[in-house]
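Have a look at the structure below, then the notes.
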Amino acid sequence: MDWKIPLSDIDFGPEEMLAVQNVLQSKWLTMGAATEAFEQAFAAYIGSKYAIAVTNATAALHLACVVAGLGPGDEAIVPSLTFVATANAVRYTGALPVFADIVGEQDLNISYHAIERAITERTRAILVMHYGGYACDMPSIMELARERGLKVIEDAAHAPGSELGGRKLGTWGDIGCFSFFSNKNMTTGEGGMIVTDNEMFAQRLRLLRSHGMTTLTWDRHKGHAWSYDVVDLGYNYRIDEIRSALGRVQLGKLPVNNERRRRLTQIYRDTLRELVPQVSVPFEKHPGISAAHLMPILLPAGMGRSYFMELMKARGIQTSIHYPPIHTFAAYRGKGRQYLPNTIDIAAREITLPLYAGMTDEDVYNIVRTMARALVFV
Ligand SMILES: *Cc1c(COP(=O)(O)O)cnc(C)c1O
């Protein structure tokens, strides 16, 4: 499909080409100096003590669940309105994801009250996901978690650079996980990052990322070691130098690109209010600074969503939905207690509009005008 306006797009230029070329010329491709530099730059930007780069955010979430101590017989509270990886990560450890509802039409994030109601004596952790880059209620959730002795893992895949109360998302909880998949605000193709201030977690995360081995090929190359022990049941979740070099360049562009996304979001909000007042726009007065990863809207109840998406597609505009709720998937039938009225109602009405830093203001006006015409027919 040749879209006039795609859902998302990547900002790559000569800087990325050069960074990759430099790695290729160095002939060192596996985790080494470029990865260390990327991790240090990311930690400095986010304001965390440690950053550990991994192969993708799903691996990041899995390792976060392992070091948080999740295992068979444990429960972790998760939203259902998120990408399936948030809940899968819990299940990889043998623990059970327990779904909690979202706040409502204005806030598509997991609800503090729903979390509180879902806690049992088996609960060990809470996984939050900052929908579209908009912050969950972290002050309340962290206070609850501290009171009950629960670990908090942030799925910050949408939220690199988002802030709440002057603090970057990903640093509120015990561990934060980021994604650099192709459609995210910054990308390395596939890639992920784990951030934490906990030294013990950081040490264990580094071990688990690479088979639980005490030294890396890189250490041995530098002559620092010639053998190793295996001290934990680890994985191969390593990133590589090509992607780390890309990541560093993309991280440099992130603040400007996020600012552009926020500006486009504001134009969307103003134009939607004027031309299509029948759709509701979440996160209108949300606190904090969003990375503006997604532009979600909600259709009025009963309006034909797939027909509307087809009309937009016929005019060359790609739309999507975020997300089919996890608890409705075949692989999740019968898993996790669930009372999710807001998730069910809102997920059925949600549509995601195109949003990326390279869009023009005129693109936004075009999309909203096209919506106004299409909505006459649905
Ligand atoms: C993209 C995404 C993930 C998975 O990231 P990968 O890097 O593709 O593994 C997890 N959670 C959310 C909310 C995402 O959007």
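Both counts, for ligands and for their atoms, begin at 1 and track the order of listing. Keep in mind that the numbers below use all heavy atoms, side chains included, and drop hydrogens, waters and symmetry copies. If you read the sequence from its start, that first residue is 1, and numbering goes on from there.
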Closest to atom 8 (O) of ligand 1 among protein heavy atoms sits Phe181 CB, 3.8 Å
Here the atoms of ligand 1 under 4.0 Å from any heavy atom belonging to Gly191 are 7 (O)
Item to check | Lys NZ or Arg CZ of Arg91 over Tyr332 ring: under 6.0 Å, within 45° | outcome: yes
### Check: Tyr92 ring centroid to Tyr235 ring centroid under 6.0 Å
no
Closest to atom 15 (O) of ligand 1 by heavy-atom distance, out of Glu190, Met129, His158, His293, is His158
Answer yes or no: is there an ion pair linking Glu362 with Arg369, defined by an N-O contact shorter than 4.0 Å?
yes
Of all protein heavy atoms, the one nearest atom 9 (O) of ligand 1 is Thr58 OG1, 2.6 Å
Atom 3 (C) of ligand 1 sits nearest the protein heavy atom Phe83 CD2, 3.7 Å
Could you tell me if any non-hydrogen atom of Cys177 lies under 4.0 Å from any atom of ligand 1? no
Distance col, row Ile351:CD1 vs Ile321:CD1, nearest 0.5 angstrom, shows 9.0 Å
For residues 68-91, the ring-ring contact (aromatic ring centres under 6.0 Å, His included) pairs (sequence neighbours left out) are none
Using heavy atoms and a 4.0 Å limit, tell me yes or no: is Tyr323 in contact with ligand 1? yes
heavy-atom search around atom 14 (C) of ligand 1 in the protein gives Ala157 CB, 3.4 Å
Check your understanding: So is Ala57 polar-close to ligand 1, meaning N/O to N/O under 3.5 Å?
Key -> yes
Query raised in the report: Would Phe178 and Val78 show up in the same hydrophobic cluster when neighbours are defined by side-chain heavy atoms closer than 4.5 Å?
Result: no
Atom 10 (C) of ligand 1 sits nearest the protein heavy atom Asp155 OD2, 3.6 Å
Fill in: Salt bridge flag under 4.0 Å for residues Arg260 and Asp361
yes
SB check Asp232 Arg206 (cutoff 4.0 Å) = no
The atoms of ligand 1 lying under 4.0 Å from a heavy atom of Thr82, numbered in the order shown, are 13 (C)
Ranked by distance from atom 2 (C) of ligand 1, the top protein heavy atom is Lys184 NZ, 2.9 Å
